[in-house]
Structure formats: structure tokens, C-alpha cells
S.K.: 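Dropping a structure here in C-alpha cells format, bear with me for questions.
Since the model is a prediction, treat every value here as computed from it, not as a measurement.
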Amino acid sequence: MAARPLNDEEVLSEMNKMVAFIKQEALEKAREIKVKADEEFAIEKAKFVKQEQQGIDANYEKKRKGAEVAQKIARSNLTNKSRLKLLHRREEQLQELFATARAQILTFGEDEGRYLQFLEGAIVQACLQLMDLNVTLIAREKDAELVQKAGEAAAETYTQLSGRQVICDVESTLSNAGAGGVKLVSGSKRITIDNTLDERLRLLEDRMLPEIRKDLFGPNENRKFYT
């Protein structure tokens, strides 16, 4: 039996069904596209947020490290400044101590008996080092007579100790501004031994400086050995 042709109403009905089907398919496809777009957007958003967060973290870490370095530098500068100030004050104390010692030796020559004893000992000591027949005693002008006396006594002591003779001449060319004492020059003029009070004090300052520092300021933790 041959199918009858559709009338207008049936054709319209079929067309409406087709339109509805196509529309439904389009809506579902649109929903799928939207869901996929939303997922991709969420992924890209998460990636962007992560990148920005990493950038912020890196920038913060850089600033934190910079702040730590700046703080360490400031602390080191402050420590060095305090240390230099302490060292400067300690040096001032040492110089004050040495200045007091220099002031005291300037009056040493006022005690003639003690000063004469020192001169004799200093001359004998130098003569035993030179072991020369002729020596020149260089003294202050105001000490000339006392040094001559000390030289004569020292020559006798030198002979007793060494069994040798020595002749001592005196020259008054040592500055009166000094604390006193005597220099001895060998007969050949090549060797000079400085036994002035100023030189003795200077040598003592150099030799005793580590011990003086330790006594005044305590042991230096940065030094393992003391000389």
C-alpha cells in the first residue's frame, strides 16, 4: 500500500519536531562548550594566580634577603664603629699612662744618688757590650760632671769584671730637653749604644705593651698567643 503524502499540518508538525530537535542539540552543544570554556578559564586562572603568587613570593624573598643583608651590614658597621671607638679610648689610656711615666723619668735625675747609680750601671753594661779600649760618653751638659764621675767608677767595675782597661771621655752634646742617661760610642765611632732614659722607656713600652694591655683591658679573645 503506497504511503499517502503528508498534508500541510503534518508537514508543519514534522518541521517543528525537527526544529525542536536541532534547537535541543544546539543548546546541549552550547552547554558543553560553556562547561569546557569554564574549565579552561578556571585552569588558566589558577595558572595565572599561581604565577602571580610565585612572582609575589619571589619578590618578597628578594626584599627579605635584601633587608637581612642591609641589617647585617648596619650591625657590622655599628659593631666596627663601637670597636674602633673602644680601641681609640684604650689607646688614649695607654698614651696617658706613658705620658705619666715620661713625666716621672724627667724628675729621675733630681735624685743624684740614685741617678749616679743608674749611670754607672748603664755605662758598665754598654762597656761590656763594646769591649773597647776607648769609649765616648755622650751626656747632657748639666750632667757632664756626674757622668764623668760615673764613668770613672764604671771603668773600675768594668776592669774587675772583664780584666780589661777602658778610657771614658765625656761629650756634653745630649739635649737637655731629654730625661737624661748616656749614650756610649765605640772608639771607631761605628757603634753607638743608647742608654738614655728616654730610649730605655721607649724600649720598655714596646716590650711591655702586650702585658700592659692585658693588665689594663684583660685578655684579647682574638689573640691566642702573647709576646
S.K.: Testing the 3.5 Å rule here: is there a donor-acceptor pair between the side chains of Asp57 and Gln53?
M.R.: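 A pair is found: one side chain offers a donor N or O, the other an acceptor, under 3.5 Å apart.
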S.K.: Could you go through the side-chain contact (heavy atoms from CB on, under 4.5 Å) check for Lys189 and Thr136 one step at a time?
M.R.: CA-CA 9 Å; Lys189 308 296 183 182; Thr136 301; 3.3 Å; yes
S.K.: With a 3.5 Å distance limit and no angle check, can you tell me whether Asn80 reaches the backbone of Ser76 through a side-chain donor-acceptor pair?
M.R.: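 Pair found, side chain donor or acceptor close to backbone of Ser76.
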S.K.: Determine whether Met131 and Ile123 fall in the same hydrophobic cluster, where Ile, Leu, Val, Met, Phe, Trp and Tyr are linked whenever their side-chain heavy atoms lie under 4.5 Å apart.
M.R.: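 Met131 clusters together with Ile123.
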S.K.: Do other residues, nucleotides or ligands put more than 12 heavy atoms under 6.0 Å from the CD atom of Gln129?
M.R.: yes
S.K.: Answer yes when Arg64 and Glu61 have at least one side-chain N-carboxylate O distance shorter than 4.0 Å, and no when they do not.
M.R.: yes
S.K.: So for atom CD, which belongs to Glu28, do other residues, nucleotides or ligands contribute more than 12 heavy atoms lying within a distance under 6.0 Å?
M.R.: yes
S.K.: Within a 6.0 Å radius of atom CD on Glu25, are there more than 12 heavy atoms belonging to other residues, nucleotides or ligands?
M.R.: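 Above 12, so yes.
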S.K.: Is there a path of hydrophobic side-chain contacts, each under 4.5 Å between heavy atoms, that joins Leu106 and Val147?
M.R.: no
S.K.: Flag the pair Val135 / Val185 as yes when at least one side-chain heavy-atom distance between them is below 4.5 Å, and no otherwise.
M.R.: no
S.K.: Drop me the distance from Leu116's CG to Lys149's NZ, to the nearest 0.5 angstrom.
M.R.: 5.5 Å
S.K.: Would you call Arg202 and Asp198 a salt bridge, using N to O less than 4.0 angstrom?
M.R.: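 Between Asp198 and Arg202 there is no salt bridge, as every charged N stays at least 4.0 Å from the carboxylate O atoms.
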S.K.: Using a distance-only test with no angle check, is there a side-chain donor-acceptor pair under 3.5 angstrom linking Glu156 and Gln160?
M.R.: no
S.K.: For the residue pair Ser172 and Glu141, what are the closest heavy atoms and their distance?
M.R.: CB-CA, 3.7 Å
S.K.: Are the side chain of Asn77 and the backbone of Ile73 linked by a donor-acceptor contact shorter than 3.5 Å?
M.R.: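 Judged by distance alone, yes, a pair lies under 3.5 Å.
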S.K.: Are the side chains of Val166 and Asp132 in touch, meaning some heavy atoms are under 4.5 Å apart?
M.R.: no
S.K.: Are Val170 and Ile138 co-members of a hydrophobic cluster defined by side-chain heavy atoms under 4.5 Å apart?
M.R.: no
S.K.: Check whether any side-chain heavy atom of Thr157 lies under 4.5 Å from a side-chain heavy atom of Glu120, and answer yes or no.
M.R.: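 A side-chain contact is absent here, since even the closest heavy-atom pair is not under 4.5 Å.
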